[in-house]
Amino acid sequence: MPSASTGASTTLDAATPSASTAFAPVSGADTRMAPGGPGYRRMSFALFLAGVATFALLYSTQALLPLVSTDFGVSASEASWTVSAATGALALFVLPMSALSERFGRRTLMTASLAVAVTVGLLVPFAPSIGALVALRAVQGAALAGLPASATAYLAEEVRPKALITAIGLFVAGNSVGGMSGRVITGWVAQEWGWRVAVGAIGVIAVACAIAFRLLLPAPRHFTPGSLRPRVLARTVRDHLANPLLCRLYAIGALFMTVFGGVYTVIGYRLTDAPFSLPQGIVGSIFLVYLVGTVSASTAGRLVTRLGRRGALYLAGGTTTAGLLLSLADSLATVLTGLVLITAGFFAGHAVASSSVSHTAQRGRAQASALYQSAYYIGSSAGSTLGAVAFHAGGWAGTVALGLFAVLGVVTITLFGSHAARAHTRTAATAH
């Protein structure tokens, strides 16, 4: 495994000005938030709750797919569209939503997005058909698109650089708690009262999170409104896509999420079938392993300090690979160990990649984060659909093969980045 001296930070430094330059306040002392300072705890908890609501709503049907299949008489592949439609719509709308946040403000857009998403969440239980359910889920995903990019842009503007990775890690940790609690709650509620009551319960919880978020989040102090002109937006997006480092980070986020989406879309089918034959409530409780993701995401900053960004990505990829291989066993304890490793590796990799995007972008941070989120949720949508197709074709081994192929992509891209960093260092040394 590469150490911090392999150039993990060199490429970032070469691609952008130093952290103090890239994020320096316009004038005077740095008034942005820092751990222990005014507003930081409120801000962290507010965005943590936003992350909880986002993932709880976004993946509210994932643990319930076997019940959805039975209720509507559809296959696993068809039922998986209740997840893919939400994540796909989020991927499609995250960039336009980020443009709106540049004009109207991060907090305003996040509040509006949560309001629409929780309203739709209260309608989802009444879907009369699989088509209506998929359509409602797509609307919900489009509404949630206002959260991820706006949240990371808010943090990049309002938090001091040294605290940025930790702050984003806490937001990602909220994602993991939301994903976990949503699946655990829906599993047990659905076992007693059915999947419709279960997703309704998630909607009510999300309403409470949305209200608390709006009351707690401090007003932005460093936001400068941008332009909504399509030409300006297109130029900003073009500049980001021309940055090789950003493109590598986008691909890494998409590939990590392909693994995660595939595994957790299909795992319910595997655990309710032989040789495990677990009841729905127990299957929902399996998602308690998300707590591991909460820890790995919130400690991503310390991991990067010790190993460098690329070293942390190698570790995340290796951990995910080990988890995929262990999950092939027919022992429930071994499968659970595999899920723990997959979850830890995914959330660590995601926290490192997403924070690197915020660190790298010098302007148009909302658009840079939006492109990452778009790639990330395209990976989720692809993973959900392809994971179900692979499971139908080759069982759990097919889903694992898909995951291993995606992790291989992460490692290949990271190795290429290490090579590019060394080449840049040699070129700079020659020039001097």
Side-chain angles (χ1 to χ4, degrees), residues 55 59 61-70 76-77 79-80 83 175-177 179-188 190-191 255-297 315-350 379-380 383-408 410:
F55 256 49
Y59 294 100
T61 63
Q62 193 174 57
L64 306 173
L65 292 181
L67 297 180
V68 173
S69 291
T70 301
S77 298
S80 72
V83 179
N175 293 168
S176 71
V177 169
M180 175 204 69
S181 60
R183 291 164 171 90
V184 172
I185 291 169
T186 56
W188 284 106
Q191 183 171 302
L255 289 167
F256 265 126
M257 195 53 168
T258 297
V259 181
F260 199 68
V263 165
Y264 278 101
T265 294
V266 174
I267 192 63
Y269 289 98
R270 187 185 185 209
L271 295 178
T272 53
D273 289 342
F276 306 111
S277 303
L278 299 179
Q280 187 64 47
I282 298 298
V283 171
S285 296
I286 296 299
F287 292 92
L288 284 168
V289 299
Y290 265 50
L291 288 172
V292 177
T294 304
V295 174
S296 67
L315 179 61
T319 302
T320 304
T321 298
L324 286 168
L325 294 175
L326 285 176
S327 73
L328 289 168
D330 286 335
S331 161
L332 182 59
T334 306
V335 171
L336 291 179
T337 301
L339 289 177
V340 165
L341 293 177
I342 292 168
T343 304
F346 162 72
F347 276 105
H350 169 43
S380 176
S384 298
T385 302
L386 295 177
V389 170
F391 182 75
H392 180 74
W396 182 251
T399 303
V400 168
L402 173 69
L404 291 173
F405 183 77
V407 174
L408 178 62
V410 170

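- By the side chain to side chain donor-acceptor pair (under 3.5 Å) test, S384 pairs with T265, sequence neighbours left out.
- When all heavy atoms are compared, the tightest approach of S380 to Y59 is OG-OH, 2.7 Å.
- Judged as a side-chain contact (heavy atoms from CB on, under 4.5 Å), and not counting sequence neighbours, the contacts of L336 are I286, L332, L339.
- Residues V184 and S285 approach most closely at CG2-CA, 4.0 Å, considering heavy atoms.
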Could you tabulate the donor-acceptor pairs under 3.5 Å formed by side-chain atoms of residues 386-403, not counting sequence neighbours?
unit_1, atom_1, unit_2, atom_2, d
W396, NE1, S327, O, 3.1
W396, NE1, S327, OG, 3.0
T399, OG1, G387, O, 3.2

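- Pairing each heavy atom of T272 with each of P66, the nearest pair is OG1-CG, 4.4 Å.
- With a 4.5 Å cut-off on side-chain heavy atoms, V407 and F256 do not count as touching.
- Between R270 and V335, the closest heavy-atom pair is NH1-CG2, 3.4 Å.
- The line from CG of L328 to CG of L404 is 7.5 Å long, rounded to the nearest 0.5 Å.
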Please tabulate, one pair per line, all N/O donor-acceptor pairs under 3.5 Å involving side-chain atoms of residues 318-326, not counting sequence neighbours.
unit_1, atom_1, unit_2, atom_2, d
T319, OG1, L315, O, 2.8
T320, OG1, A316, O, 2.8
T321, OG1, G317, O, 2.9

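- In this structure F347 satisfies the ring-ring contact (aromatic ring centres under 6.0 Å, His included) test together with F260, Y290, sequence neighbours excluded.
- Applying the salt bridge (Lys or Arg N to Asp or Glu O under 4.0 Å) definition to pairs two or more places apart or across chains, none involves residues 383-397.
- Listed by first and then second residue, the side-chain hydrogen bond (donor to acceptor under 3.5 Å, both in side chains) pairs involving residues 329-345 are Y264-T343, S331-T334 (not counting sequence neighbours).
- Pairing each heavy atom of Q191 with each of P279, the nearest pair is OE1-CB, 3.7 Å.
- Rounding to the nearest 0.5 Å gives a distance of 10.0 Å between CG of D273 and CZ of F276.
- Scored by the side-chain contact (heavy atoms from CB on, under 4.5 Å) test, A79 finds L65, V68, S69, V74, Y269 as partners (sequence neighbours excluded).
- Sorted by first and then second residue, the salt bridge (Lys or Arg N to Asp or Glu O under 4.0 Å) pairs involving residues 395-406 (not counting sequence neighbours) form an empty list.
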